[in-house]
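Chain naming here is simple, since letters A, B, ... match the order of the sequence lines and numbering starts at 1 in each.
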Amino acid sequence: GENVEQHPSTLSVQEGDSAVIKCTYSDSASNYFPWYKQELGKRPQLIIDIRSNVGEKKDQRIAVTLNKTAKHFSLHITETQPEDSAVYFCAATTHNDMRFGAGTRLTVKP
Amino acid sequence: DAGITQSPRHKVTETGTPVTLRCHQTENHRYMYWYRQDPGHGLRLIHYSYGVKDTDKGEVSDGYSVSRSKTEDFLLTLESATSSQTSVYFCAISKGTDVKGEQFFGPGTRLTVL
């Protein structure tokens, strides 16, 4: 089955800096890659997603890039703010299920 | 919140007892999912449903069963709870027309098995 690895597990940045989280997947048939943000004690919330026919997608300060050949995709957050502090999960979907990475705890220091 | 509720929100039970968690949606979506979330593992799919009485296993289905007798309700049952099933359980729905659509999560149920 699909295996998704996510790095780093923790990331600390200064407010205003950029943050990058990377994920790799194993199944070349995967074609949908969402990113979720989860604040402490809350449900995961979809923040951005990309499909395999697209190489990059942006939404204000958030962008996702996909390299199908290398089977990796990344989340980029620019001009980070303290409210960006949360756990971020990547996922890859193939056939009938969605596999998640183990998560990255992002801390933005004011 | 995509009209998803879960009940109960918290439960403490003893090893060997049966437990049923309920997921309810108000928007008539076809696909529903049950995940468990544990530290270091992210979210792992237990079972999912693609219609009334249509269900399939996910990555970690052992020890769990599901039922979907109505579009709006998806039940997760632990026939005989074990301490390894202590976790936070999330229900999700997909707004897409296939299983690869965007998924939206319920508020979660924290289950403790003593």
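- Residue contact with chain B, scored on non-hydrogen atoms closer than 4.5 Å, involves the backbone and the side chain of A:P44 alike.
- Cluster partners of B:V12 are B:L114, counting Ile, Leu, Val, Met, Phe, Trp and Tyr whose side-chain heavy atoms approach within less than 4.5 Å, directly or via other members.
- Ranked by heavy-atom pairs under 4.5 Å with chain B, the first of A:K42, A:Q6, A:Q38, A:E2 is A:Q38.
- Here B:D62 does not pair with B:K57 in a salt bridge; the nearest charged N to carboxylate O distance is not below 4.0 Å.
- Interface remark: B:Y35 contributes side-chain atoms only to the contact with chain A (heavy atom separation under 4.5 Å).
- A salt bridge links A:R99 and B:E59; the closest N-O separation between the charged side-chain nitrogens and carboxylate oxygens is under 4.0 Å.
- The cationic atom of A:K22 (NZ for Lys, CZ for Arg) does not lie both less than 6.0 Å from the six-membered ring centre of A:F73 and within 45° of the ring axis.
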